[in-house]
Amino acid sequence: VTKTVYSRTIDIKQRDQRFRNSMKEAAVTERSISPSTSPALKKELTLINGIAFMAGQIIGSGIFISPNIVVRYSGSFGLSIILWLLGAIVAVACALCYCELGTFVKKCGGESAYILKAYTFKTR
């Protein structure tokens, strides 16, 4: 019994020592990485990235939640597809309106900047 307890104690000490060594190696490796060699994402947004982002926001917001409701209330599969396409056209029109507003009002703030521009009257 004493040998078993003693060998377990040695095993635990060895495991702890291996853990400490691995932590030291990780700390040395972390310090050796300089900011110039570390990988970084590019800070740019292209037209394709913007379109993909908007499409993901529009399509991803309800396409997996509400199809059964649309089919149930429309009565047929074909009509539900037509309704989905109509909704997509309206969503694209809204997105194009926001694009136009974004090019017209060159201020930060999104919708609040648009509302302030529309409803702020200039006094003489």
Side-chain angles (χ1 to χ4, degrees):
V1 175
T2 308
K3 282 186 174 182
T4 307
V5 171
Y6 182 71
S7 67
R8 285 184 187 166
T9 306
I10 290 175
D11 290 341
I12 292 171
K13 287 182 180 179
Q14 288 174 348
R15 184 188 66 200
D16 290 345
Q17 186 63 36
R18 280 182 279 173
F19 177 74
R20 286 189 196 104
N21 289 340
S22 66
M23 293 303 289
K24 287 178 186 176
E25 290 172 7
V28 170
T29 306
E30 186 176 310
R31 279 188 235 124
S32 66
I33 297 175
S34 66
S36 61
T37 61
S38 63
L41 296 174
K42 294 180 182 177
K43 293 181 180 180
E44 63 182 34
L45 184 66
T46 63
L47 177 65
I48 300 300
N49 294 344
I51 291 171
F53 178 74
M54 289 302 295
Q57 292 296 318
I58 292 168
I59 294 171
S61 63
I63 196 165
F64 298 113
I65 297 171
S66 57
N68 60 350
I69 298 169
V70 173
V71 171
R72 186 181 321 137
Y73 286 110
S74 65
S76 70
F77 180 73
L79 183 59
S80 67
I81 295 295
I82 291 171
L83 291 173
W84 277 105
L85 290 174
L86 182 66
I89 291 169
V90 169
V92 168
C94 291
L96 291 174
C97 289
Y98 270 100
C99 290
E100 187 174 355
L101 280 171
T103 57
F104 178 70
V105 179
K106 293 183 168 96
K107 292 183 180 179
C108 295
E111 292 177 357
S112 63
Y114 308 149
I115 292 169
L116 285 175
K117 178 74 174 176
Y119 295 110
T120 304
F121 299 105
K122 294 182 181 177
T123 58
R124 294 183 196 197

Output for pair (Ile82 CD1, Phe77 CZ), nearest 0.5 Å, gives 11.0 Å
Do you know which two heavy atoms are closest between Val105 and Ala113, and how far apart they sit?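 Taking Val105 first and Ala113 second, the nearest heavy atoms are CG1-O, 4.1 Å.
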With a 4.5 Å cut-off on side-chain heavy-atom distances among I, L, V, M, F, W and Y, is there a chain of contacts connecting Phe104 to Tyr98? yes
Within-4.5 Å side-chain heavy-atom neighbours: Leu96 and Val92: yes
Quick one: does Phe53's side chain get under 4.5 Å of Asn49's, heavy atoms only?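 No. Closest side-chain heavy atoms not under 4.5 Å.
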Out of Ile89, Leu79, Val70, which one pairs with Trp84 under the side chain to side chain contact (heavy atoms under 4.5 Å, CB included) rule? Val70
